[in-house]
Amino acid sequence: MLKVYLAGEIHTNWREEIIENCKKENLDIQFSSPVTDHQSSDDCGVEILGAEEKNFWKDRKGANINSIRTKKSIKDSDVVVVKFGEKYKQWNAAFDAGYASALNKSIIVIQNEDHQHALKEIDAAAAAVASDQLQVVRILKYVLEGSLK
């Protein structure tokens, strides 16, 4: 079984697309990801540990709790797929890629050509840079089966 962590933007269904296409290919993969409910992710710190007067401390509590999940998921993974979306700058995705690189994890980046220059250092650390989710599925199939079909 291959363990794959799906990091990156949370505003589209790219994770579901990869998971569904891997299921269609009958690939033996266990997926994990960050909490993609934006509100839950932002509010977990104050919901669990109590309210904060300043947004800085609210964000800090949430980020610290989310980092527990993220660090464990990346450490437990064999491959980390990092998607950089169109609309928002995903600093967290860049951090996840850096953390995965520091742990010597295999990284697959998904990005469009417009981000090539901004992400050149991340691309250099990646094992592959894909332009879409279907390329990622093909990579994972090749890794598991050695098959291009």
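These figures come from a predicted structure and were not determined experimentally.
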Asks: Return the CZ to OG distance between Phe95 and Ser67, rounded to the nearest 0.5 Å.
Replies: 8.0 Å

Asks: Would you say Tyr5 and Val143 are hydrophobically clustered, going by side-chain heavy atoms of ILVMFWY under 4.5 Å?
Replies: no

Asks: Rounded at 0.5 Å granularity, tell me how far CG in Leu144 sits from CG in Asn26.
Replies: 11.5 Å

Asks: Do Trp14 side-chain atoms and Glu9 backbone N/O form a donor-acceptor pair below 3.5 Å?
Replies: yes

Asks: Is Asp43 salt-bridged to Lys58, cutoff N-O under 4.0 Å?
Replies: yes

Asks: Evaluate the criterion side chain to side chain contact (heavy atoms under 4.5 Å, CB included) for residue pair Gln111 and Asp123; output intermediate values, then yes/no.
Replies: CA-CA 10 Å; Gln111 68 181 51; Asp123 291 350; 2.8 Å; yes

Asks: Is there a path of hydrophobic side-chain contacts, each under 4.5 Å between heavy atoms, that joins Val109 and Ile74?
Replies: yes

Asks: Hey, are the side chains of Glu145 and Leu27 touching, using non-hydrogen atoms and a 4.5 Å cut-off?
Replies: yes

Asks: Any sub-3.5 Å donor-acceptor pair from Arg138's side-chain atoms to Lys149's backbone N or O?
Replies: no

Asks: Taking all non-hydrogen atoms of both residues into account, name the closest pair between Arg15 and Gly8 and its distance.
Replies: NH2-O, 3.1 Å

Asks: Over all heavy atoms of both residues, which pair between Ala128 and Ile139 is shortest? Give the atoms and the distance, please.
Replies: CB-CD1, 3.8 Å

Asks: Tell me whether Ile19 shares a hydrophobic cluster with Leu2, the cluster being built from Ile, Leu, Val, Met, Phe, Trp, Tyr side chains joined at under 4.5 Å.
Replies: yes

Asks: State the NZ-NZ distance between Lys105 and Lys3, to the nearest 0.5 angstrom.
Replies: 9.0 Å

Asks: Kindly say whether Ile10 contributes a backbone atom to a donor-acceptor pair with the side chain of Lys83 at under 3.5 angstrom?
Replies: no

Asks: Is a side-chain N or O of Ser73 found less than 3.5 angstrom from the main chain of Arg69, in a donor-acceptor match?
Replies: yes

Asks: Are any side-chain N or O atoms of Gln135 and backbone N or O atoms of Ser131, one a donor and one an acceptor, separated by less than 3.5 Å?
Replies: yes

Asks: What closest approach, in Å, do Ala125 and Ser101 show between heavy atoms, and which atom pair accounts for it?
Replies: CB-OG, 3.8 Å

Asks: Any non-hydrogen side-chain atom of Ile108 less than 4.5 Å from a side-chain atom of Val79?
Replies: yes

Asks: Would Asp78 and Ser106 count as a side chain to side chain contact (heavy atoms under 4.5 Å, CB included) if you check the C-alpha gap in whole Å, the side-chain angles of each, and the deciding distance to 0.1 Å?
Replies: CA-CA 7 Å; Asp78 301 308; Ser106 295; over 6 Å; no

Asks: Kindly give the heavy-atom pair with the smallest separation between Ala93 and Phe84, and that separation in Å.
Replies: CB-CE2, 3.7 Å

Asks: Is it the case that the side chain of Asn21 and the backbone of Val137 share a donor-acceptor pair, with hydrogens and angles ignored and the cut-off at 3.5 Å?
Replies: no

Asks: Same hydrophobic cluster for Ile110 and Ile29, using side-chain heavy-atom links shorter than 4.5 Å among ILVMFWY?
Replies: yes

Asks: Write down the atom of Val80, the atom of Val82, and the distance for their closest heavy-atom approach.
Replies: CG1-CG2, 3.8 Å

Asks: Quick check for you: to the nearest 0.5 Å, what is the distance between Gln133 atom CD and Leu6 atom CG?
Replies: 10.0 Å

Asks: Given the rule that I, L, V, M, F, W and Y join up when any side-chain heavy atoms are under 4.5 Å apart, are Ile18 and Ile107 in one cluster?
Replies: no

Asks: Work out which heavy atom in Ser147 is nearest to a heavy atom in Lys141; give both atom names and the distance.
Replies: OG-CE, 4.1 Å

Asks: Please report the interatomic distance CH2(Trp57) to CG(Asn64), rounded to the nearest 0.5 Å.
Replies: 9.5 Å

Asks: Does NZ in Lys54 sit with more than 12 non-hydrogen atoms of other residues, nucleotides or ligands closer than 6.0 Å?
Replies: no

Asks: Can a donor-acceptor pair be found, under 3.5 Å and without considering hydrogens, that links the side chain of Thr70 to the backbone of Asn66?
Replies: yes

Asks: Are the side chain of Asn13 and the backbone of Glu16 linked by a donor-acceptor contact shorter than 3.5 Å?
Replies: no

Asks: Sequence neighbours left out, what pairs pass ring-ring contact (aromatic ring centres under 6.0 Å, His included) with at least one residue falling in residues 25-48?
Replies: His11-His38

